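So the structure is just underneath, and the comments pick up after that.
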Amino acid sequence: MDKDTAIVIEGDVDRASVPGMHARINTQLIAAKGSEFTLDLTKVTSMDSAGAAFCLVLGNQIVADGGSLKLVGVSQAAKEALLVFRIGLGDRGALLKGPSGFEKLGEQMLKLWEGTVQLLALFVDTVHFTVVGIFKPRQRVKASAIVEQMVRIGSESLGIIALVSLLVGLVVALQSAAQLRQFGANIFIADLVGIAMTAEMGPLMTAILLAGRIGSATAAEIATMTITEEVDALKTMGIHPIRYLVAPRFLAITITQPLLTVVADLLGIMGGFVIAITYLDLSASVFMNELIGALRVKDLLTGLIKSVSFGWIIVFVGAHRGFQVKGGAEGVGIATTSSVVQAIFLVIAADAFFSLLFYF
Amino acid sequence: MDKDAIISVRNLTAGYGSHRVLSDLSIDFTKGRITTIVGGSGCGKSTLLKCIVGLLAPWSGEVTINNQILADLDEYELAQALSRVGMLFQQGAMLNSITVAENIALPLTVHTNLSRDVIDKIVQLKLDLVGLGHTGKMLPSELSGGMRKRAALARAMALDPEVLLCDEPSAGLDPQTAADLDALILNLKNTFKMTVIVVTHELASIDAIADDVVFLGHGGILHYSGTLEGAKASSNQAVANFFARRLPGMPAGAKSLLDVLQEGG
């Protein structure tokens with residue numbers, strides 16, 4: 001027997017010994033590439049799945065190099081291991097071959113398109129159930145469910161929104177005050193803080209905070225319910241999950257988000273007021289007169305319209321991510337995280353759109 | 001179609017994505033009988049139940065409940081049809097954010113105009129029926145696995161359905177709890193003349209409750225018999241192997257690694 005083409009494997013062939021054996025035999029395979037090899041397993045004392053897979057890899061490698069392999073001997077231990085494992089139960093080619101980059105891109109585009117269509121369908125279904133409920137009392141969204149959501153969205157978020165808005169107002173005013181002072185334009189701090197809070201910062205800060213609190217909670221709750229078959233259970237009871245889970249949130253946020261935005265506006269302006277009277281030496285009456293003169297109804301309404309649309313984005317993105325969940329606990333985590341990221345992105349994109357729309 | 005059939009499945013083909021699970025399956029479920037659906041994992045037992053309750057849309061074929069084709073019903077009609085069907089999920093699928101009593105009251109508040117007092121009484125009756133009269137104010141997470149399944153059974157029974165579907169009711173339960181649940185299902189069928197469809201792997205359960213045994217495999221029905229003994233004596237090798245707990249032979253196309261190496265890698 002030619003020792004260059006005789007592969008002899010001895011001892012324990014397991015996950016500890018296979019790497020060393022593979023390196024040694026690889027050298028032999030490269031040196032005699034394309035030859036007729038023999039495989040001797042008569043001195044194998046034990047073999048685990050790594051050993052069995054190694055034998056298979058050797059055979060495949062030799063055949064791929066244009067050679068052949070002949071099994072000349074096998075010990076009882078090796079025979080038992082090689083008989084346990086089977087191949088040919090599925091399409092091995094399909095398992096080994098991943099999608100190409102182009103296919104992955106196509107897959108992502110398809111997912112994006114499907115996601116957009118599903119999000120729109122969710123919006124239409126929710127509006128449908130809300131409107132149908134007005135005319136069909138049996139299908140009405142329960143008032144208690146709406147109130148429960150309003151408490152979660154409104155009361156429980158009020159403190160953090162008030163605090164953050166106050167700080168934002170303070171910071172905006174403080175950063176601007178030094179510049180305004182140089183030009184003797186201290187009085188315009190009222191205009192700056194008033195317009196910035198009502199038209200931009202109030203709705204935006206409220207939406208970002210609610211995306212973190214309510215969007216994530218919505219996604220996590222619906223995702224968990226989807227995974228534990230609670231959503232399926234609702235369907236089998238003849239209860240549409242969108243009517244039961246999404247419509248109350250939709251109605252609650254439609255009412256609550258503008259109210260929270262008004263609170264954010266007021267607290268932000270209060271932050272500016274504090275800076276104006278402590279740092280810029282303005283009197284309260286001068287600040288208020290300037291503020292009232294600067295605030296326009298259009299800015300206030302723009303902010304409130306924005307806030308409603310931001311609220312809808314938060315609820316629909318959270319619900320959509322929740323219903324689309326795949327897998328177990330990890331899936332819930334992914335759905336929750338992605339709902340917050342996606343909602344914040346869409347809120348900012350919508351803000352940019354509204355800013356352009358209402359600019360003139 | 002069997003004239004006594006309450007649920008009729010005709011030429012049903014269904015699956016997930018591009019993976020076909022059921023292929024051209026037809027079966028009638030007779031009123032007032034307990035039919036157990038048996039078969040290996042992935043043979044389509046739960047898929048069949050999902051198609052019956054409209055959770056999974058068939059690729060082709062149709063499901064009829066009380067002579068109404070599910071696919072032809074609008075949203076409201078479907079909800080009404082499903083209110084006559086109770087479903088017990090494998091893990092119970094109780095809504096975890098509300099109490100056990102609120103879970104059972106839910107279908108009653110949606111599908112009836114009953115007053116709150118009457119609904120509360122019905123809930124208590126159903127809980128007593130499944131031996132959980134004291135658990136109404138508890139959350140589902142505070143119940144044991146067996147109790148949760150019984151509570152889920154009470155919810156499935158809330159609207160006194162004509163048909164009860166059970167997806168592996170005894171799975172994961174100790175033998176005593178599983179036997180209690182079987183006795184309960186049998187009692188419900190005998191008392192309320194309900195039609196019950198049970199997906200199960202438990203031979204003891206099949207023996208205890210089954211009027212009919214259906215064995216699914218390869219996307220269709222491999223065997224249909226009146227008793228467990230009949231199923232055990234099936235001439236179909238896969239059915240006989242299943243009930244005798246024998247290992248199936250090597251699947252078609254499969255080879256051991258020894259064969260592969262002996263053939264030259």
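Just so it is clear, the model here is predicted, and its values are computed rather than measured. Reminder, nothing fancy here: chain letters follow the sequence lines and each chain counts from 1.
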Distance in Å, [X] [atom1] paired with [Y] [atom2], rounded so as to fall on 0.5 Å steps:
X         : Y         : atom1 : atom2 : value
Met87(B)  : Asp232(A) : CE    : CG    : 8.0 Å
Leu159(B) : Met237(A) : CG    : CE    : 9.5 Å
Leu82(A)  : Asp259(B) : CG    : CG    : 10.0 Å
Phe89(B)  : Thr236(A) : CZ    : OG1   : 4.0 Å
Leu257(B) : Leu71(A)  : CG    : CG    : 11.5 Å

Which is it for Thr224(A) and Asn96(B) under the side-chain contact (heavy atoms from CB on, under 4.5 Å) test, yes or no, and what are the steps along the way? CA-CA 10 Å; Thr224(A) 307; Asn96(B) 283 310; over 6 Å; no
Residue part contacting chain B, namely of [X], when any heavy atom lies under 4.5 Å:
X         : answer
Leu58(A)  : neither
Tyr244(A) : side chain
Lys70(A)  : neither

Nearest heavy-atom contact between Ala79(B) and Gly238(A) is CB-O, 3.6 Å
Scanning both residues in full, the closest heavy-atom pair of Glu230(A) with Ala93(B) reads CG-O, 4.1 Å
Steps toward side-chain contact (heavy atoms from CB on, under 4.5 Å) verdict (Leu95(B), Leu234(A)): CA-CA 9 Å; Leu95(B) 304 189; Leu234(A) 284 173; 3.9 Å; yes
NZ (Lys142(A)) with more than 12 external heavy atoms under 6.0 Å: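 Counting other residues, nucleotides and ligands, NZ of Lys142(A) stays at 12 neighbours or fewer.
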Heavy atoms from other residues, nucleotides or ligands near CD of Glu36(A) exceed 12 (cutoff 6.0 Å):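 At most 12 heavy atoms, drawn from other residues, nucleotides or ligands, come within 6.0 Å of this atom.
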Largest heavy-atom contact set with chain A, pairs under 4.5 Å, which of Leu78(B), Val85(B), Leu106(B): Leu106(B)
What residue pairs, at least two apart or across chains, pass salt bridge (charged side-chain N to carboxylate O under 4.0 Å, His left out) with a residue in residues 101-121 of chain B? Arg116(B)-Asp120(B)
What residues of residues 44-56 of chain B sit under 4.5 Å from chain A when you count only heavy atoms? Val53(B), Leu55(B)
Kindly indicate whether the side chain of Tyr76(B), heavy atoms from C-beta on, has any atom under 4.5 Å from the side chain of Val132(A). no
Looking at residues at least two apart in the chain, or sitting in another chain, which of them share a side chain to side chain donor-acceptor pair (under 3.5 Å) with Glu62(B)?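 Checked Glu62(B) against side chain to side chain donor-acceptor pair (under 3.5 Å); zero matches.
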Check side-chain contact (heavy atoms from CB on, under 4.5 Å) between Ser216(A) and all other residues, then give those that pass, not counting sequence neighbours.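 Applying side-chain contact (heavy atoms from CB on, under 4.5 Å) to Ser216(A) gives Thr336(A), Val340(A).
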Under the side-chain contact (heavy atoms from CB on, under 4.5 Å) rule, what do Leu69(A) and Leu261(B) come out as? Steps first, then yes or no, please. CA-CA 8 Å; Leu69(A) 180 73; Leu261(B) 288 173; 4.1 Å; yes
